[in-house]
Amino acid sequence: MVGLAPRLLAWQVLQAVAGGTYADVALERALARHPGRAALQGADRALATELAYGAIRQQALLDAWLDALGKVPAARQPPKLRWVLQIGLYQLLFCGRIPAAAAVTTAVELAKKVGLTRLAPVVNGVLRQALRRREVLGGDAAGLSGPSEPPAPWLGLELAEDPAAALALRRSLPLWLAQALLAWLPVEQAEAVAAACNASPPLDWRCNPLRTTRPALVEALAVAGVEAAAIDGLAEGLTITGRSGDMRQLPGYAEGHWSVQDRSAQRVVTLLDPQPGECILDACAAPGGKSTQIAELQGDRGEVWAVDRSESRLQRLRANAERLGLRSLHPLVADALTLASLRPEWLGRFDRILLDAPCSGLGTLGRHADARWRISPEAIDGLVELQGQLLEALAPLLRPGGVLVYATCTVHPRENQELLAEFLLQHPQWCLQEQWQRWPGDGDGFFAARLQAP
């Protein structure tokens, strides 16, 4: 059936994620199972990605709809049926360009394809009931005609009076995270950040100034039919504003003219401000975007040690360094907690240290579809302890007067401002020169602080 293949692939991704696989890994594996002539291309590949990631992000909202519509609550439904219904509902609620009839018909056929022929009438009935409820309450149902934006996807559900519970349902967030956002931010900003957690992040690049210039790269992309625009405040930053297809086939990739890197991550390295000739440590480096940016900003004239515990992830760094033409990078498989004992000659050696610490990743929920369902407040307790240990372990490696930048891709104050305050309380001779918190929306959510050693 036309249109069934991308929906089946999305269903397979939901099945794998329910079994514990990370969403991006599950999608990559599912796509790899369709090689050659059977491979999903172009619009079908994009649709499979949107349906899989979208249904995972919106799991709480979709299940709320299933609870409201079905005789059996979502949590008690056969998982295979639940995934079919989630994919069908996602199209009705979020995909304004997909006609409702197509969403319902393909969901029914998907049920048959995955061995649920006897339950296909249930799929048809639930989805049509959702359409009827939204027609009564909100006029035109989602996706019935044209490319117009569908009405709010929670229209037709009863929202709780509690502001956090209502926010959690509207934006499909864990309740604890919705409560935290409302505690950290004014209501309007909390709503905006929650919405950004469900939006596809911009595709940002970093021009390699050792190989080309940003204007030349923009021109080469335009010739290839790809639109790109400069990012304010970043000398080498670009954002891709149109469809790019397979990025490895775009101008300048093989020649090392550019790298993919979010704008907020780029700003972390500009805060570090690496200078030519300096010895710099990137303590948790893989997959290496910031390490290569450091080397580029040094003009490849310095010494950059890129340390990470994962050999496989450092392989990606080595490959990128080779593609970008960087010779000053030195990857090292090691635990940053043990560097002082592993390399005692490094004590007091580094001019600058970047600690992009392991964190909860709450600033990148739009990029990682399943992250919100994997993170818990209890997990943050362990991360805060590790982050503090890393700061203590790396501080002795910095030369007197040297600079350390602590960064995370989270927005949780315990991992950011509160952690830094505790470190400075224990080390009053250190100086906090600058810190900033960026919230999801204009790039990923990131925190960064620049410290100077005594």
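As the structure is a computational prediction, the values presented were derived from the model and not from experiment.
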Verify whether one side chain among [X] and [Y] offers a donor that lies under 3.5 Å from an acceptor in the other.
{"X": "N320", "Y": "T292", "result": "no"}
{"X": "D204", "Y": "Q266", "result": "no"}
{"X": "Q86", "Y": "D63", "result": "yes"}
{"X": "N198", "Y": "R170", "result": "no"}

* To do: List for me each residue that meets side-chain contact (heavy atoms from CB on, under 4.5 Å) alongside A393, sequence neighbours excluded, and say none if there are none.
  =>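 Result, side-chain contact (heavy atoms from CB on, under 4.5 Å) vs A393: L337.
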
Which word best sums up how the rings of [X] and [Y] line up, parallel for under 30°, tilted for 30 to 60°, or perpendicular for over 60°?
{"X": "W184", "Y": "H412", "result": "perpendicular"}
{"X": "W430", "Y": "H427", "result": "perpendicular"}
{"X": "W83", "Y": "W11", "result": "perpendicular"}

Does this structure show an ion pair linking [X] with [Y], if we count only N-O contacts that are shorter than 4.0 Å?
{"X": "K290", "Y": "D356", "value": "yes"}
{"X": "E109", "Y": "R7", "value": "no"}
{"X": "R414", "Y": "D381", "value": "yes"}

Is there side-chain contact between [X] and [Y], with at least one heavy-atom pair below 4.5 Å?
{"X": "L404", "Y": "L391", "result": "yes"}
{"X": "P202", "Y": "R263", "result": "yes"}
{"X": "W258", "Y": "L238", "result": "no"}
{"X": "V260", "Y": "L203", "result": "yes"}
{"X": "S291", "Y": "L317", "result": "yes"}
{"X": "D24", "Y": "Y53", "result": "yes"}
{"X": "T364", "Y": "P201", "result": "no"}

With a sphere of 6.0 Å drawn around [atom1] of [X], does it hold more than 12 non-hydrogen atoms of other residues, nucleotides or ligands?
{"X": "R316", "atom1": "CZ", "answer": "no"}
{"X": "Q429", "atom1": "CD", "answer": "yes"}
{"X": "E28", "atom1": "CD", "answer": "no"}
{"X": "R323", "atom1": "CZ", "answer": "yes"}

Does [Y] offer a backbone N or O that forms a donor-acceptor pair with the side chain of [X] under 3.5 Å?
{"X": "N208", "Y": "L324", "result": "yes"}
{"X": "Q275", "Y": "D273", "result": "yes"}
{"X": "R134", "Y": "L155", "result": "yes"}

* Within 45° of the axis and under 6.0 Å from the centre of the six-membered ring of Y22, does NZ or CZ of R374 qualify? ->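 Flagged: R374 positioned over aromatic ring of Y22.
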
Provide the closest heavy-atom pair for [X] versus [Y] in the form atom of the first, atom of the second, distance.
{"X": "Q91", "Y": "L51", "result": "CG-CD2, 3.6 Å"}
{"X": "R372", "Y": "C197", "result": "NH2-O, 2.7 Å"}
{"X": "Y90", "Y": "A55", "result": "CD1-N, 3.9 Å"}

* Asked: Please, which pairs that meet ring pair (Phe, Tyr, Trp, His ring centres under 6.0 Å) have at least one residue in residues 351-389, sequence neighbours excluded?
  ->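 Checked against ring pair (Phe, Tyr, Trp, His ring centres under 6.0 Å) - neighbours excluded - no pair reaches residues 351-389.
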
* To do: Drop me the distance from L271's CG to Q433's CD, to the nearest 0.5 angstrom.
  => 9.0 Å

* **Pairs meeting criterion side-chain hydrogen bond (donor to acceptor under 3.5 Å, both in side chains) with involvement of residues 65-81, two or more places apart** =>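 Sorted pair list comes back empty.
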
* **E415 vs T410, side chain to side chain donor-acceptor pair (under 3.5 Å): CA-CA, chis, key distance, verdict** => CA-CA 8 Å; E415 301 178 79; T410 186; 3.2 Å; yes

